[in-house]
Number of protein chains: 2
Amino acid sequence: MKEGPDIARVAALIGDPARANMLTTLMSGKALTVSELAEEAGVTIQTASSHLSKLNEGGLLRPRKQGRHKYFSLANDEVAHVLEGLMGLAAGSGHLRKRTGPKDAELRQARVCYNHLAGDMGTQMFDSLMTRGHLILDDDTLKLTAAGEIFVSNFGIDLTVLHKSRSPLCRECLDWSERRSHLAGSLGRAFLSRFEYLSWARRDQKTRVVSFSPHGAKEFEQLFSIK
Amino acid sequence: MKEGPDIARVAALIGDPARANMLTTLMSGKALTVSELAEEAGVTIQTASSHLSKLNEGGLLRPRKQGRHKYFSLANDEVAHVLEGLMGLAAGSGHLRKRTGPKDAELRQARVCYNHLAGDMGTQMFDSLMTRGHLILDDDTLKLTAAGEIFVSNFGIDLTVLHKSRSPLCRECLDWSERRSHLAGSLGRAFLSRFEYLSWARRDQKTRVVSFSPHGAKEFEQLFSIK
DNA sequence: CGAATGCTTCGACTACGATCGAAGTATGAA
DNA sequence: TTCATACTTCGATCGTAGTCGAAGCATTCG
């Protein structure tokens with residue numbers, strides 16, 4: 001009965017509401033200070049400090065000191081991946097948050113999932129890339145085809161840089177709101193930052209919402225249309 | 001601050017030691033009764049019953065009544081996937097169980113991960129399939145090649161049956177002990193049951209250990225050698 | 001140097017939930 | 001019907017962990 005890693009320890013770490021709020025907030029990919037995270041979680045700074053040191057102890061966070069500030073971000077995308085998985089389970093069992101505020105619709109349309117685009121537009125982009133043969137999913141692995149490489153390069157993404165990254169180029173990520181796949185990995189990240197560079201979209205500072213400008217939405221729609 | 005699914009609820013569910021033990025045990029893929037799970041978790045039957053109804057409530061389990069027994073298994077492989085992810089995090093942050101008994105070495109060599117082969121032999125099989133070009137991993141999706149289809153069929157696995165399954169044929173699964181990928185999905189499952197059918201290996205009833213016979217290990221080694 | 005800001009540590013309070021004994025329900029066997 | 005087995009519900013107890021006030025460090029600024 002005592003085999004394998006201590007799964008309960010990590011899960012209990014994520015299982016506290018205050019800590020879960022912090023982690024969810026950090027899914028935006030941004031590094032945040034103790035006080036910012038305290039406010040997000042709705043607890044005092046002392047409490048937040050205690051929680052954050054526990055999360056850090058558990059290897060879920062990466063701390064960086066900068067002057068008198070201390071910034072926390074998620075430790076790696078393995079952590080982000082597990083969190084997204086938990087969101088999938090939570091959404092699947094119908095346990096959504098009680099207060100589905102006005103933000104919810106925007107969140108479902110387009111949001112940041114750690115460092116790439118998720119939500120309705122994320123899955124649309126993924127589907128478009130798949131149906132056009134830019135990506136192929138063979139049983140369980142996602143691959144960028146030759147046609148896909150041309151497409152990506154034409155869009156202004158430098159693949160040679162991405163190939164140097166240790167993390168996988170393409171990765172499939174299950175969307176909790178859509179229950180369908182969207183594109184993660186370094187390519188997913190590159191797409192999102194390219195959208196920002198082209199001013200098609202910008203990330204909301206407080207939430208995980210990604211807002212597309214009218215022009216950006218039009219371009220996006222054209223580029224990733226599903227005929 | 002209140003966005004997205006209630007991740008804390010699910011995580012807290014997994015975060016209790018007794019419940020985590022039960023879930024880890026169920027990773028063997030077998031359906032177990034309340035009393036069996038109680039013993040595994042080291043609690044009384046009353047307590048186990050309470051835990052199991054909570055896990056069930058949370059959508060993590062699939063209950064089946066059979067006479068006066070009640071069997072529980074994991075709800076789906078999405079759940080199994082999240083659990084394996086958590087094991088990866090737990091193993092990564094060095095929080096292995098205190099008592100690393102004699103079983104530990106066996107577990108690392110070959111074990112069941114929900115319904116497919118994991119551990120050292122699991123990753124060896126995966127690597128062999130990759131280097132021989134039977135599987136290709138394109139950025140993020142795993143695919144069985146034409147050569148792979150022939151190889152698999154020659155080994156006695158009927159692909160037409162597998163293609164009818166709803167779950168993906170190949171799936172990459174990160175191994176907590178090896179920190180490398182092994183093969184999941186319906187093909188991974190098919191391989192394991194084929195090993196059992198050929199009497200190359202058998203699953204231990206109590207633990208998740210997979211024991212290969214001397215003959216089976218030899219055949220395995222030959223079939224999945226890494227030159 | 002003080003004053004202010006950002007974070008951590010300490011200590012005490014509190015509440016939630018895990019636990020088990022005992023009683024209750026359901027299924028199967030004699 | 002009666003007994004046994006498998007599980008569930010109830011009620012009481014007990015610990016652990018989250019919470020915050022207050023005090024303690026550390027860093028920056030005037």
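Just so we're on the same page: letters track the sequence lines, and every chain starts at 1. As the structure is a prediction and not an experimental result, all values here were calculated from the model.
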**OP:** Could you walk me through whether B:F195 and B:F212 pass side-chain contact (heavy atoms from CB on, under 4.5 Å), step by step?
**Re:** CA-CA 9 Å; B:F195 296 153; B:F212 275 75; 4.2 Å; yes
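In this entry the distance linking CZ of A:F72 with C1' of C:dT8 reads 11 Å, nearest Å. As a whole-Å value, the separation of A:L13 CG from D:dT16 C1' is 15 Å. Separating the NZ atom of B:K65 from the P atom of D:dT5 is a distance of 19 Å, rounded to the nearest angstrom. Per the geometry, NZ belonging to A:K70 stands 12 Å off C1' belonging to D:dA26, to the nearest Å. Across the protein-nucleic acid pair, A:E57 atom CD and C:dT9 atom C1' stand 15 Å apart, rounded to whole Å. Rounded to a whole Å, the CZ atom of A:R9 is 11 Å from the P atom of D:dA17. In this structure, the CG atom of A:L52 is 13 Å from the P atom of D:dG18, given to the nearest Å. One atom, CG of B:L32, and another, P of D:dA6, lie 15 Å apart when rounded to the nearest Å.
Between D:dC7 and B:S35, a contact under 4.0 Å exists linking OP1 or OP2 to a side-chain N or O.
A:R189 and A:H116 are not linked by any side-chain donor-acceptor pair at a separation below 3.5 angstrom, with hydrogens and angles left out of the test. Side-chain contact of A:T33 with A:E36: a donor-acceptor pair under 3.5 Å is present, judged by distance alone. Side-chain contact check for B:T47 and B:S50: no donor-acceptor pair (N or O, by modelled atom type) lies under 3.5 Å. Using modelled atom types, one finds no donor on one side chain facing an acceptor on the other under 3.5 Å when comparing A:S49 with A:Q46.
Distance CG/B:L83 to SG/B:C113: 9.5 Å, rounded to 0.5 Å.
The residue A:T33 sits close only to the backbone: its heavy atoms come under 4.0 Å of sugar-phosphate atoms, none of a base.
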**OP:** Starting at the 5' end of nucleotides 16-22 of chain C, put B wherever the base has a protein heavy atom under 4.0 Å, S where only the sugar-phosphate does, and a dash everywhere else.
**Re:** --SSBBB
